[in-house]
Amino acid sequence: MVTIPPPPRPEPHLHRRMAESFGIDPERYDRNRPPYPDAMIERIVAASPGTDFLDVGCGTGIEARQFLAAGCAVLGVETDPRMADFARTTGLEVEVATFEAWEPAGRTFDAVVSGTAWHWVDPVAGAAKAARILRPGGVLAPFGHVYQLPPTVAEALAAAYRRVAPDSPINLSGWPGGSMLDGYQALYARAADGIRQAGGFGEPELWRYDWEHSYTRDELLDLVQTSGGLSSLPPDQVAEVLAAVGTAAAELGGSVTLPYATWGLTATRTDIQP
């Protein structure tokens, strides 16, 4: 079974153009990407020794606003100026850069978080930089959503995508075991490996939250358009994919409930620097 286009495998951080395609319609992205589970936000805040947070790949500020509401001070770093501009309209302070090139200027933080964006960061270089800017006992916590489309919709999406973008690095052929919800763990296992290789952290703790969200047909089409694979295609190709997905979704009735998994990890910075 296939679902939302996963990041290119095996090295998503090498596909920078796709990572920088989400800002084509920041309003749609912010409207359709759901917030993160409250329990996850509480878990990360509780693990942090303080409230100074850096949000890597903050996008439109979805998770940053949740951490702000939890009493944290949040600085965003975002590679796409269009996404950064939108996030600023919501009250978030954002600096435009890739995390690898971003200049901390002597600033340190209690937590480095990243919502559905850490796979666009070099896993070793990113972890090493996080270790340098975290205070002792600080927490690195990348996390991300993944959803599973109904089989008929997923198959329509995959077939249409193969027609319009056969050379794309996006892989719509499915995941081991057939479940994207389970397969997305691989991204965070890779992040954990990068943390171990970089040094400066204790053993990463991997975790998962399961939940559901319901969509009308139009809302589902809006959501699909926010994926990295689709947002980087020309408008005529996007329209062809959406037509196929819309036809399949209409056969399911007025709405569809998608299962979601939010995967993530926490790793605590030690006194020994890499």
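Bear in mind the structure is a predicted one, so any value in this text is a computation, not a measurement.
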Spatial distance of atom [atom1] ([X]) from atom [atom2] ([Y]) [nearest 0.5 Å]:
| X | Y | atom1 | atom2 | answer |
| --- | --- | --- | --- | --- |
| F109 | I133 | CZ | CD1 | 5.5 Å |
| L140 | L54 | CG | CG | 10.5 Å |
| F67 | S48 | CZ | OG | 9.0 Å |
| L92 | I62 | CG | CD1 | 11.5 Å |
| E212 | T257 | CD | OG1 | 6.0 Å |
| L223 | H213 | CG | NE2 | 8.5 Å |

With clusters defined by side-chain heavy atoms of hydrophobic residues (ILVMFWY) lying less than 4.5 Å apart, directly or transitively, does V224 cluster with L258?
yes
Any sub-3.5 Å donor-acceptor pair from [X]'s side-chain atoms to [Y]'s backbone N or O?
| X | Y | value |
| --- | --- | --- |
| K129 | W102 | yes |
| D52 | D110 | no |
| R107 | P104 | yes |
| W263 | G183 | no |
| E219 | N32 | no |
| R217 | S255 | no |
| R135 | T108 | yes |
| Y215 | D222 | no |
| E78 | A97 | no |

What's the shortest heavy-atom distance between T270 and G202, and which atoms?
CG2-N, 3.5 Å
So which heavy atom on F53 is nearest to which on C72, and how close?
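It is CE1-SG, 3.6 Å.
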Give a yes-or-no answer on whether the side chains of R33 and T226 include a donor-acceptor pair shorter than 3.5 Å.
yes
Can a donor-acceptor pair be found between the side chains of T116 and H145 at a distance below 3.5 Å?
no
Thinking salt bridges, do R190 and D193 make one under a 4.0 Å N-O criterion?
no
Partner of P37 under side chain to side chain contact (heavy atoms under 4.5 Å, CB included), picked from F143, Y260, Y209, is Y209
The test is side chain to side chain contact (heavy atoms under 4.5 Å, CB included); show your working for F201 and L134 and say whether it passes.
CA-CA 10 Å; F201 290 94; L134 280 169; 3.7 Å; yes
Is there a side-chain contact between V153 and L157 in this structure, where contact means two heavy atoms from C-beta onward sitting under 4.5 Å apart?
no
